[in-house]
Q: 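This is the structure I have questions about; it appears just below.
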Amino acid sequence: GQRLEIQFPEGATQVKIGYKTSPTASGLQWLSPEQTAGKTHPFLFSQSQAIHARSWVPLQDTPAVRFTYSAAIKTPPELIALMSASQDPSGERDGDYSFDMPQAIPSYLMAITVGDLEFRAISETIGVYAESYIVEEAAAEFADTPLMEAANAKLYGPYRWGRYDLLVLPPSFPFGGMENPRLSFLTPTLIAGDKSLTNVVAHELAHSWAGNQVTNSSWRDAWINEGLTSYVENRVMEDLYGKRRAVMEQVLAKEDWQRDMDEIEDPAMTALALPETLADPDEAFTNVAYVKGQFFLNFLEDRFGREVFDAFLKSYFDHFAFQSISTADFEAYMVENLIAPNPGKVTDAEIEEWLYAAGMPATTRNVVSDAFENVTEQQTSFLGGTIGAGDLPTQNWTTHEWLFFLNTLPGDMALGRFEGLDRAFGLSNSGNAEIAFAWYMKSLEGNYPAIQDPLKGFLLRVGRGKFIYRLYQRLVDNGQRDWALEVFQEARPGYHPIAQNRIAAIFEQPEE
Ligand code: BES
Ligand code: ZN
C-alpha cells in the first residue's frame, strides 16, 4: 500500500477520489476467454483478503475499519457483474448493475466478479452462480446449504445479511473458499460429486457469524475469524451429517495442525495471539489460527458443557455484532460472561496457555475416530502383506477415510505398494482434488514416478494454493526443482497473481 495524502480545503466534509486500477493489481485476476470454461468471454474476480483490497480501491485497508458502500457497474451486456452486496438474482441482464451494502464491512470483504455466469436457485434466499458447464453440478453439490444456514441460525442467532449465494469461480481461484458477505466465493475443486468436500461451504457460511459479523481487528488475531469459524463449521457438519463425520474432520484437522507445528520455526507463531512483530498478515493464516483456535473452543465446550457454551457463543455474536475486536476483547467478554458465572471449570493459567503460549496445550481435546481406527487396521494388513491393495475393503470408505489412509501411509513404502494402490483405485487420476493431492504428496515422498503426467495436469489445471504451494515446495525439496520450474513456467499465466508470487518465492529460496 501507499499513503494517499489529501489536502482538505477549509470546511470540506467529503472527499471524492477518481482512480483506475492497474492490470497488475494483486487483488484482481483478469482471465482471458481461453482461461474460462466457456472460452468465449473474459472473466474478472477479486480477492481482497488479507491486504489486497488496496490494490483495486483506495481505502483504509485494515479489518479495524468498517464501511458501507454502494456501487454502479457497467459491463458488456452479455456479462453479469456481482458484488459482496445486495443483488437481485432475477434482475435484468443488461450490462447495468447496482449494488448496495447496508451492513458495515471491513475492506477485506469487498468483492467483485464479472463473467458469463448462470444462476440456479437452491432455495428462496440461497442460490449458486457458476459458468454454465458446472452450474447444475454445483447446485446439486451444495444443495444442503439451506440446512447449514438453519443449523447455524439455530445455534448462534439469525443470519443477518439477507440473501446467501455461492459463486463457483474458474479453477485459478487461489483459495478453497472466501467468505465475501452474501456471496461466498468457492473453488470448483469442491465439486466432487458426493458432497464430501462441502465442509468448506459450511466454513464460509459460518464466517457470516464468525468473522463477518464479529471481525478480528488485526490479522494478528486471525484466530478470532478462522478459529471460531472452524469450530462453528464443525458443529454445523455434526448437526447435518452426524458425529462420525464431524469427528473424522476434527482428526484430519488436528493432523494438519500438528504438521504446521512441526514446520513453524518461531514458537511465538504457534500462539493464538500473534506477536507485534508479525510483518506479513498472510503468515497469520496457519493451522494455529484455524485448528488451535477450533480446539480452544472445543476445550471450553468440554469444560462448560454444550448448553452453557452454546448460549455464551450466541450472546458473543450478538454483543459484538458488526464490530472489530481483539483477543483481549474476546478474553474480557469470556471472563465476564462465561468464566465468572460458572466458577471452577477452567483456571486462569489454562486460558493463558491457550491464548498466549506456544505449542499444543495438554488440555487439547483427545479425538478418536472409530472409522479411522478401522482404516488403520486395514492399512496394517496391507502394509504387512496379509492383503493386497485390491482386497482393501474400501467400498464404504468416504473421502475422509481415503484421506486418512493416504496421509498415514509410510513415505518409504515399497514402490510395488504404490503401484498396487494406483492400479486398484486409479488414485493418480482421482477426480476428487483432495484425494489426488494427498496421493501426489505421498507419492513424491516415496519417489513413485508414475504420477508425473497426472501431477503436471493437476498443476496446470488447478490454482488452489493449499494444493499447489505444497506440491511445488515438495518437488523442490525432493530434488525435482528443474522439472517443477518447467511446469510452473507453463502454468504461471493461468495462476492468480497471489499464487504466482507465492510460488515464485519457493523457487527463489536458496537451495539446501
Ligand atoms: N478467509 C479464508 C480464506 C483466506 C485466508 C483468504 C487468508 C486470504 C487470506 C477462508 O475462509 C478459508 O479459510 N478458506 C479455506 C477453507 C477452510 C475450510 C479451511 C481454504 O481456502 O482452504
Ligand atoms: Zn475461513
Side-chain angles (χ1 to χ4, degrees), residues 26-27 29 45-55 61 63 84 105-111 142 148 166-169 171-181 183-190 192 196-216 218-237 246 249-250 252-257 259-260 274 278 280-294 399-400 403 433-434 437 462-470 496-499 501-502:
S26 59
Q29 187 177 16
F45 68 88
S46 66
Q47 169 57 45
S48 295
Q49 198 183 10
I51 53 169
H52 299 283
R54 64 189 68 174
S55 76
D61 198 7
S84 53
I105 57 156
S107 54
Y108 77 92
L109 294 177
M110 176 121 180
F142 306 137
M148 291 178 175
L166 303 168
L167 166 65
V168 180
L169 288 143
S172 66
F173 182 60
F175 293 99
M178 176 64 215
E179 66 271 27
N180 297 317
L183 183 68
S184 286
F185 285 21
L186 302 173
T187 167
T189 61
L190 301 182
S196 65
L197 307 178
T198 56
N199 71 297
V200 177
V201 177
H203 180 97
E204 304 316 332
L205 174 64
H207 272 306
S208 307
W209 288 259
N212 299 7
Q213 187 172 313
V214 184
T215 309
N216 53 219
S218 155
W219 296 122
R220 282 189 294 273
D221 296 319
W223 78 274
I224 288 192
N225 280 16
E226 297 301 345
L228 267 76
T229 292
S230 299
Y231 173 81
V232 170
E233 164 202 333
N234 196 256
R235 290 294 304 274
V236 167
M237 293 306 284
E249 292 183 356
Q250 284 176 38
L252 292 170
K254 199 173 175 186
E255 283 177 355
D256 287 344
W257 175 24
R259 190 199 62 237
D260 280 6
L274 293 172
L278 178 74
D280 178 354
D282 285 342
E283 285 178 20
F285 294 89
T286 69
N287 282 307
V288 173
Y290 284 87
V291 187
K292 187 178 188 176
Q294 173 184 351
T399 297
H400 300 77
L403 293 176
E434 290 281 354
F437 167 71
V462 176
R464 183 173 172 190
K466 168 180 151 185
F467 300 143
I468 64 177
Y469 305 153
R470 289 186 54 215
H496 189 281
I498 294 175
N501 292 336
R502 276 282 282 265

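Below, all heavy atoms of this structure are taken into account, side chains as well, without hydrogens, waters or symmetry copies. First listed ligand is number 1; within each ligand, the first listed atom is number 1.
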Q: Taking all non-hydrogen atoms of both residues into account, name the closest pair between W219 and A284 and its distance.
A: O-CB, 3.1 Å
Q: Does a donor on one side chain and an acceptor on the other come within less than 3.5 Å for T187 and R464?
A: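 No - no donor-acceptor pair under 3.5 Å links their side chains.
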Q: Could you tell me the angle subtended at the Zn ion (ligand 2) by NE2 of H207 and NE2 of H203, rounded to 10°?
A: 100°
Q: Check S26 against H52 and note the closest heavy-atom contact, atom names and distance.
A: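 The pair with the smallest heavy-atom distance is OG-ND1, 2.7 Å.
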Q: Between N225 and V214, which heavy-atom pair has the shortest distance, and what is it?
A: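 Smallest interatomic distance, heavy atoms only, reads OD1-O, 4.0 Å.
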Q: I'd like to know if the side chain of D61 and the backbone of R54 have a donor-acceptor N/O pair within less than 3.5 Å.
A: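 Side chain of D61 to backbone of R54, a donor-acceptor pair under 3.5 Å: yes, one is there.
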Q: Would one find an N or O of D282, backbone or side chain, under 3.5 Å from an N or O of ligand 1?
A: no
Q: Check whether any N, O or S atom of E226, backbone or side chain, sits closer than 2.8 Å to the Zn ion (ligand 2).
A: yes
Q: Would you mind checking which non-hydrogen protein atom is closest to atom 19 (C) of ligand 1, with the distance to 0.1 Å?
A: Y290 CE2, 3.7 Å
Q: Please report the closest heavy-atom contact between F185 and A111, naming both atoms and the distance.
A: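 It is CZ-CB, 3.8 Å.
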Q: Kindly give the heavy-atom pair with the smallest separation between T215 and I224, and that separation in Å.
A: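 Where T215 meets I224 most closely, the heavy atoms are C-CG2, 4.4 Å.
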Q: Okay, side chain of T286, backbone of V288: is any donor-acceptor separation there less than 3.5 Å?
A: yes
Q: E226 to ligand 1: N or O pair under 3.5 Å?
A: yes
Q: Which bit of E179 gets closer than 4.0 Å to ligand 1, counting heavy atoms only: side chain, backbone, both or neither?
A: side chain
Q: I want to know if ligand 1 touches H203 in the polar sense, i.e. an N/O pair below 3.5 angstrom.
A: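 N/O-N/O distance under 3.5 Å: yes.
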Q: Quick check: does N199 get an N/O under 3.5 Å from an N/O on ligand 1?
A: no
Q: Under 6.0 Å between ring centres: does that hold for F173 and F45?
A: yes
Q: Would you mind listing which atoms of ligand 1 come within a distance below 4.0 Å of any non-hydrogen atom of H207?
A: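 Matching atoms, with element in brackets: 11 (O).
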Q: Just jot down the ligand 1 atoms closer than 4.0 angstrom to any heavy atom of Q47, in number order.
A: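 Counting atoms of ligand 1 from 1, those under 4.0 Å from Q47 are 6 (C), 8 (C).
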Q: What residue and atom, counting heavy atoms only, is the protein's closest point to atom 3 (C) of ligand 1, and at what distance?
A: G177 O, 3.6 Å
Q: Heavy-atom distances under 4.0 Å are what count here, so tell me which part of F175 touches ligand 1: side chain, backbone, both or neither.
A: both
Q: Would a distance-only check, ignoring hydrogens and angles, find a side-chain to backbone donor-acceptor pair under 3.5 Å from N212 to E179?
A: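 Such a contact is found between N212 side chain and E179 backbone.
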Q: May I ask you to identify the nearest protein heavy atom to atom 16 (C) of ligand 1, giving residue, atom name and distance to one decimal place in Å?
A: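 Atom 16 (C) of ligand 1 sits closest to the protein heavy atom E204 OE2, 3.8 Å.
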Q: Using a plain distance cutoff, I'd like to know if Q49 has any nitrogen or oxygen under 3.5 Å from a nitrogen or oxygen of ligand 1.
A: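 Yes, at least one N or O pair falls under 3.5 Å.
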Q: In the protein, what heavy atom is nearest to atom 22 (O) of ligand 1, and what distance, to one decimal place, separates them?
A: G176 N, 3.6 Å
